[in-house]
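Owing to the predicted nature of the structure, the values given are computational and were not obtained by experimental measurement. Note on naming: letters A, B, ... go to the chains in the order of the sequence lines (proteins, then strands), and numbering restarts at 1 for each one. For the numbers below, each heavy atom of this structure counts, side chains included, while hydrogens, waters and symmetry mates do not.
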2 protein chains.
Amino acid sequence: MRDRDYLGEFEHIIVLALLRLDDRAYGVTVRQEIELRTDREVSIGAVYATLDRLETKGYVTSHRGDPTPERGGRSKRFFRVTAKGVTAVSRTHRALQNMTEGLGSFGVTYDVATPSR
Amino acid sequence: MRDRDYLGEFEHIIVLALLRLDDRAYGVTVRQEIELRTDREVSIGAVYATLDRLETKGYVTSHRGDPTPERGGRSKRFFRVTAKGVTAVSRTHRALQNMTEGLGSFGVTYDVATPSR
DNA sequence: CATTATCTATACAATATAGAACAAATGTTT
DNA sequence: AAACATTTGTTCTATATTGTATAGATAATG
């Protein structure tokens, strides 16, 4: 993998969730944060699969937390964004910004076509 | 396909390019615009594949232009974003914004981990 | 040992990417 | 003007990477 890659759409969202959650970021909270802030349903498997890939790529790290004293308190796997990860979000973010700037709030200002079907 | 879907990362970029280029948007200019504004190499095949997919989903339409009187002036296939397409960018854009807001310029403010490997 | 929360494994669908092949126009050569 | 070269543009084919859901395994408490 070239280290110039951009984050995929969902990867992007996930990394942002980690940054927001700071040291409270683990599978379940990540999912919640996304469902809360975007109006989108997320399957937990999707979250873990993506987190694993991000870890493989060196964009995040994970470590086991201690079990908490609650029923079902299995130990959590906490995630954290690496410096490399931050670089990647920034790059992705910047690209999007460069493409967007000057467009106004599209959909209002720009007249559009209708689908053929 | 549910009409609640988000644009993939590259789809997003492509649609933004179309909006910028307005009525000058066809394969080659789309590619140029992206390479110009993001610091990214784009293969022409990727552009068309994505444009086709977007058209199938009703996010863009295309029509043939007349051949132009220049060397190599083969007729172009012009693309245009549909209302549905604009809705989709907006939705994608908003989701990203909601996830980003309050984060400051990440990378500066947030302290990060180092990759395990 | 039933219940709860979390994580893992796996499979499949959708998206992204590269590159070569093909097409249509004009320019050049003889 | 026929043949061939050059330029610009599109299509096709193949493959890799991302995104997604589901089912089931684990580890804790009551």
Query raised in the report: Can you check the B:Lys76 NZ to C:dA23 C1' distance for me, whole Å?
Result: 14 Å
Query raised in the report: D:dC12 P sits how many Å from B:Asp52 CG, rounded?
Result: 9 Å
Query raised in the report: Sub-3.5 Å donor-acceptor pair from the side chain of A:Thr50 to the main-chain atoms of A:Glu11, do we have one?
Result: no
Report task. Check every atom of D:dG9, D:dT18, C:dA16 against the side chain of A:Lys57 and return the nucleotide holding the closest atom. Result -> D:dT18
**Report entry** All pairs passing ring-ring contact (aromatic ring centres under 6.0 Å, His included) where residues 17-43 of chain A contributes a residue, at least two apart
**Finding:** A:Tyr26-A:Phe78
Report task. May I ask you to decide if B:Arg64's main-chain N or O and B:Arg77's side chain share a donor-acceptor pair within less than 3.5 Å? Result -> no
**Report entry** Gap between atoms OH and C1', on A:Tyr6 and D:dA16 respectively (whole Å)
**Finding:** 19 Å
Query raised in the report: Does OP1 or OP2 of D:dG19 have a side-chain N or O of A:Arg53 closer than 4.0 Å?
Result: no
Requested in this report: Sequence neighbours left out, what passes side-chain contact (heavy atoms from CB on, under 4.5 Å) with A:Arg53? Give chain and number order.
Outcome: none
**Report entry** Residue whose closest nucleotide on DNA chain D lies nearer the 5' end, B:Val28 versus A:Glu11
**Finding:** B:Val28
Report summary line: With sequence neighbours left out, the residues meeting side-chain hydrogen bond (donor to acceptor under 3.5 Å, both in side chains) with A:Arg94 are none
Query raised in the report: Taking only N and O in the side chain of A:Ser43, is any of them less than 4.0 Å away from OP1 or OP2 of D:dA21?
Result: yes
Query raised in the report: When all nucleic acid strands are considered with a 4.0 Å heavy-atom cut-off, which category describes B:Gly45: base, sugar-phosphate, or nothing?
Result: base
Report task. Starting from P on D:dT8, measure out to CD on B:Gln32 and report it in whole angstrom. Result -> 10 Å
Query raised in the report: C:dT15 C1' sits how many Å from B:Ile13 CD1, rounded?
Result: 14 Å
Report task. Specify the separation, in whole Å, of atom CG of A:Leu7 and atom C1' of C:dT15. Result -> 15 Å
Requested in this report: Please report, rounded to the nearest Å, how far the P atom of D:dT8 is from the CG atom of B:Asp66.
Outcome: 20 Å
Query raised in the report: How do B:Tyr26 and A:Ala46 order along DNA chain D: which one's closest nucleotide is nearer the 5' end?
Result: B:Tyr26
Query raised in the report: Taking only residues two or more places apart in sequence, or in another chain, which ones meet B:Ser43 in a side-chain contact (heavy atoms from CB on, under 4.5 Å)?
Result: B:Ala46
**Report entry** Nearest to side-chain heavy atoms of A:Ala49, which nucleotide of C:dT6, D:dT20, C:dT17
**Finding:** D:dT20
Report task. Identify which nucleotide among C:dT8, C:dT6, D:dT20 has an atom closest to any side-chain atom of A:Arg64, counting heavy atoms from C-beta outward. Result -> C:dT8
Requested in this report: Return the set of residues passing side-chain contact (heavy atoms from CB on, under 4.5 Å) with B:Ala17 (not counting sequence neighbours), or none when no residue passes.
Outcome: A:Met99, B:Val30, B:Glu33, B:Ile34
Query raised in the report: If you take atom types as modelled and just measure distance, does the side chain of B:Arg31 reach the base of D:dG9 with a donor-acceptor pair under 3.5 Å?
Result: no
Report summary line: Heavy-atom contacts, protein to nucleotides 25-30 of chain D, under 4.0 Å, summarised as B (base), S (sugar-phosphate only) or - (none) per nt, yield BBSBBS
Report task. Would you mind reading off the distance between B:Ile44 atom CD1 and C:dA23 atom C1', rounded to a whole angstrom? Result -> 15 Å
